[in-house]
Student: 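Got a structure here, written out as structure tokens. Questions coming.
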Number of protein chains: 2
Amino acid sequence: MNIYDISKLAGVSTATVSRVINGFDNVKPATREKVLSIIASQGYTPNAFARGLGLNSMKTIGIMCADSSDMYLAKAVYYIEGALRENGYHCILTCTGYERKSQRESMEMLMSQHVDCIILAGSIFIDKDNSNNKYIYKAADSVPIMLLNANLDHKNIYCISCDDSAAMEKATEFLIDNKRNNILYLYNSNSYSATRKLSGYRHAFEKKGLKCNEDYIRYFNGTSKDLEKVCGFVTELADKGLKFNGVVASEDFLAVGALKYAVRKGIKVPKDLEIIGYNNSVLTVCTEPELSSVDNQLETLCTNLVRICIGALSGESMPQKTVFNGELIHRSTSASSRKTK
Amino acid sequence: MNIYDISKLAGVSTATVSRVINGFDNVKPATREKVLSIIASQGYTPNAFARGLGLNSMKTIGIMCADSSDMYLAKAVYYIEGALRENGYHCILTCTGYERKSQRESMEMLMSQHVDCIILAGSIFIDKDNSNNKYIYKAADSVPIMLLNANLDHKNIYCISCDDSAAMEKATEFLIDNKRNNILYLYNSNSYSATRKLSGYRHAFEKKGLKCNEDYIRYFNGTSKDLEKVCGFVTELADKGLKFNGVVASEDFLAVGALKYAVRKGIKVPKDLEIIGYNNSVLTVCTEPELSSVDNQLETLCTNLVRICIGALSGESMPQKTVFNGELIHRSTSASSRKTK
DNA sequence: ATTTTTTTTGTAAGCGGTTACATTTTTTGT
DNA sequence: ACAAAAAATGTAACCGCTTACAAAAAAAAT
């Protein structure tokens, strides 16, 4: 059943059927009705390939992310997909893992699918020294690229991010103001936003006229699957003599690991140790006491990303960089003696 | 840049170029080399629409799930997408939410995209009384349908699931054997697998010759976002006088909520209350003590689903129903006095 | 009533591949 | 060296839709 069959049944040309399908207004109402009824009675749906061939667009957008099972990225994908669907777009999802090669391959795959736009959810894809981003620039020459929580300069690349630096600075500052003089910083990634977070941590000390002790900045090599190991990692740091009365982490699971350590050692939280995570994920409410965390407004980021994406695709002029602010959410692992909000 | 341009540059016909691209073996090595070098030098990629039009397949598979930000479904999508990509397939992801209407629309959308197969990840789509599944059967007439954790009879529908009933029975039985006489059952869904789990709970009592007290079966209306409410819900049950010394839940977050209640009330876990969750998600290791849970082998389910899917697409005869066993993972909320494994 | 303008409809040429079939080239057999 | 078989290549129709342009029909203007 194709457009030709429909046109025969309706006694009109394929052009007219096409016009009806695409909602053109230059069709006589009576004709439109007839065609529509035939289409409905035959249960006809246009062939998307043929349409794509003609229009060179299938209203499809590619989403790349390193790992869609990561809680944060899964949410990002969910919000993005939902917003795109509302705008009549379909999503091809591809998870690239954390290796550059597979990231490049994914992008090539999406390009060969002639997606209308590519969204990079998560900044793992970006080389900070810009050495290896050629394939992104190349793609950007033919299709707009949306970057979530990342940054790259190109006239066809749009960046939407949370000011992670400012947010982390706020969190750290909160602890400093609370007389926490030794604040452990845990992180597990060197992505763009992770780097920004770390610089926020450093800024906080600078701002207060304090010196940031590099010994308190610790890299943990693992993901949320390794939560138990995080606890061991922190315990080991403490056993080795590192004294700390505050923890800020670049991701919630790291903070949960630190909290585990505290609970097991019987350390009073937040009295003797304050802990602040990042992302404000479900994990924050699983623990007892519940974890304070920075909310980086993922939903807002995603809906705006899609808004800008749709705008750019329809030729409107859209802002190249869009930045939102994070928010510190106080629960039970940060001392609420001070104003919370 | 299209196949015609390449053929000109290489001094061969489009048919030959096409043969090279598709890896046919009836091309003279020298010719193949020349064509490949031209393709590489021009950075040419075939137009997927045109190819799709010709083959009536874009090597694309649709994945439907209610909510890809749900931790369990996010993992499912991740595993499925990865396995499909390894087999050269692309994935169109669509999240339907929990309403029938949007589910039907998603499916129609995928059909109009001429996907080669549709995967329903999660059984929310299935009406138990089979009253409203017509659209699924209709789709199955033209394309194979894969059901994860669900069940439907049709010659073109393949079902892959965990025997949730048996797994839940095992968990419940464990508690009964541990002299837990009042076991609260928490659930929040009426999907196929949720129903199966509940029947497993009931079977356990039957098997032991005990009567299952319906008063202990409680429905909580919410998702993991409402974790705090779960705790309130359980607290309220206790306050109303319901006595229980065991909890099994159809999802981990419900168990975490129950655990929260216990921790706050100072109830000793597992001594005075044993708790077992379901899905073996990250949540299980966030809590202190850590949560025992049933692992329903999601990765195995997904890789097998894809294996069967690929097989079916290439015309092989594949099993209509595939069932795996779940496994009870003991952590610190179940008494390990007995053998744990 | 005739001409002009506007609206509606039709014709046919793409879009960029695949592939059945025809043709040419190469290899093999005698 | 020549015929037969096999391998390599080319030709052109086809997939199902869109759309520029042409043509016909309807409406408006004279």
Side-chain angles (χ1 to χ4, degrees), chain A residues 1-39 42-60 88 90 108-116 142-143, chain B residues 1-39 42-60 88 90 109 111-116 142-143:
Chain A
M1 180 66 50
N2 59 28
I3 201 174
Y4 189 72
D5 298 324
I6 299 293
S7 74
K8 263 197 192 159
L9 288 170
V12 298
S13 72
T14 61
T16 300
V17 176
S18 178
R19 289 183 189 109
V20 171
I21 291 170
N22 292 287
F24 285 42
D25 56 2
N26 56 344
V27 178
K28 201 204 290 193
T31 312
R32 177 190 308 283
E33 288 314 312
K34 184 163 30 158
V35 172
L36 284 177
S37 76
I38 301 272
I39 287 178
Q42 301 293 315
Y44 162 78
T45 41
N47 182 311
F49 305 147
R51 170 176 277 181
L53 227 203
L55 299 173
N56 205 39
S57 155
M58 285 238 295
K59 282 240 171 196
T60 298
H90 310 303
E108 277 160 12
M109 180 280 272
L110 289 176
M111 293 301 292
S112 81
Q113 292 284 303
H114 288 237
V115 292
D116 297 340
S142 43
V143 104
Chain B
M1 180 64 52
N2 59 30
I3 202 173
Y4 190 72
D5 298 324
I6 299 293
S7 73
K8 263 197 193 157
L9 287 169
V12 299
S13 72
T14 61
T16 299
V17 176
S18 178
R19 289 184 189 109
V20 171
I21 291 169
N22 293 287
F24 284 42
D25 56 0
N26 56 344
V27 179
K28 203 205 290 192
T31 312
R32 177 190 308 284
E33 288 314 312
K34 181 159 36 152
V35 172
L36 283 176
S37 76
I38 301 270
I39 287 178
Q42 302 293 315
Y44 161 78
T45 41
N47 182 312
F49 305 148
R51 172 176 278 182
L53 228 202
L55 299 173
N56 204 39
S57 155
M58 286 240 290
K59 281 236 168 199
T60 298
H90 310 303
M109 179 280 271
M111 292 302 293
S112 81
Q113 292 284 303
H114 287 238
V115 292
D116 298 340
S142 43
V143 105

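In what follows, chains are A, B, ... by sequence order, proteins preceding strands, each numbered from 1.
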Student: Rounded to whole angstrom units, what separation is found between the CD atom of A:Gln113 and the C1' atom of C:dG16?
Tutor: 15 Å

Student: Counting heavy atoms from C-beta on, name the nucleotide in D:dC17, D:dT9, C:dT9 closest to the side chain of A:Ala50.
Tutor: D:dC17

Student: Which nucleotide sits closest to the side chain of B:Thr14: D:dT11, C:dC15, D:dC17?
Tutor: D:dT11

Student: Toward the 5' end of DNA chain D, which comes first, B:Thr31 or B:Gly54, by nearest nucleotide?
Tutor: B:Thr31

Student: Do B:Asn47 side-chain atoms and B:Phe49 backbone N/O form a donor-acceptor pair below 3.5 Å?
Tutor: yes

Student: Taking only side-chain nitrogens and oxygens of A:Thr16, does any of them come within less than 4.0 Å of OP1 or OP2 of C:dT8?
Tutor: no

Student: One pair to check against side-chain contact (heavy atoms from CB on, under 4.5 Å): B:Ile6 and B:Gln42. What are the steps and the verdict?
Tutor: CA-CA 8 Å; B:Ile6 299 293; B:Gln42 302 293 315; 4.2 Å; yes

Student: Please report the distance, rounded to the nearest Å, between CD1 in A:Ile39 and P in D:dG16.
Tutor: 16 Å

Student: Take A:Lys28 and A:Ala48, find for each the nucleotide of DNA chain D with the closest heavy atom, and name the residue whose nucleotide sits nearer the 5' end.
Tutor: A:Ala48

Student: Could you state the CE-P distance from B:Met58 to D:dG16, rounded to the nearest angstrom?
Tutor: 15 Å

Student: Stepwise, does the side-chain contact (heavy atoms from CB on, under 4.5 Å) test hold for B:Arg51 with B:Asn22?
Tutor: CA-CA 11 Å; B:Arg51 172 176 278 182; B:Asn22 293 287; 3.3 Å; yes

Student: Does B:Arg32 offer a backbone N or O that forms a donor-acceptor pair with the side chain of B:Arg19 under 3.5 Å?
Tutor: no

Student: Counting heavy atoms from C-beta on, name the nucleotide in C:dT9, C:dT18, D:dT18 closest to the side chain of A:Arg19.
Tutor: C:dT9

Student: How many angstroms lie between atom NE2 of B:His114 and atom OG1 of A:Thr45, to the nearest 0.5 angstrom?
Tutor: 5.5 Å

Student: Using atom CD1 of B:Ile3 as one end and atom P of C:dG14 as the other, report the distance to the nearest whole Å.
Tutor: 18 Å

Student: Reckon A:Ser18 has a side-chain N or O less than 4.0 Å from the OP1 or OP2 of D:dC17?
Tutor: no

Student: Is there a side-chain contact (heavy atoms from CB on, under 4.5 Å) between B:Thr14 and B:Asn2? Walk through the geometry before answering.
Tutor: CA-CA 10 Å; B:Thr14 61; B:Asn2 59 30; over 6 Å; no

Student: Just to be sure I understand the rule, does B:Val17 reach a base, reach only the sugar-phosphate, or reach nothing, if contact means heavy atoms closer than 4.0 Å?
Tutor: nothing

Student: Starting the side chain at C-beta, find the nucleotide from C:dT9, D:dT9, D:dG16 nearest to A:Asn2.
Tutor: D:dG16

Student: Contact class for B:Asn56 vs. all strands (heavy atom < 4.0 Å): base, sugar-phosphate, or nothing?
Tutor: nothing

Student: Within less than 4.0 Å of OP1 or OP2 of D:dT18, is there a side-chain N or O belonging to A:Arg51?
Tutor: yes

Student: Across all strands shown, which nucleotide pairs with C:dC21 by Watson-Crick or G-U wobble geometry, both distances under 3.5 Å?
Tutor: D:dG10

Student: Choosing from C:dG16, D:dC21, D:dT9, which nucleotide comes nearest the side chain of A:Leu53?
Tutor: C:dG16

Student: Rounding to an integer number of Å, can you tell me how far B:Phe24 CZ sits from C:dG17 P?
Tutor: 15 Å

Student: Any side-chain N or O of A:Asn22 less than 4.0 Å from the OP1 or OP2 oxygen of D:dT18?
Tutor: yes

Student: For B:Tyr44 and C:dG17, is the shortest distance between a side-chain N/O and OP1 or OP2 below 4.0 Å?
Tutor: yes

Student: Return the nearest nucleotide to the side chain of B:Asn47; candidates are D:dT9, C:dG16, C:dG10.
Tutor: C:dG16

Student: Using whole Å, report how far CG of B:Asp5 lies from C1' of C:dC15.
Tutor: 13 Å

Student: Between D:dA22 atom C1' and A:Asn26 atom CG, what is the distance in whole Å?
Tutor: 15 Å

Student: Report the distance from atom OH of A:Tyr4 to atom P of C:dG10, rounded to the nearest whole Å.
Tutor: 12 Å

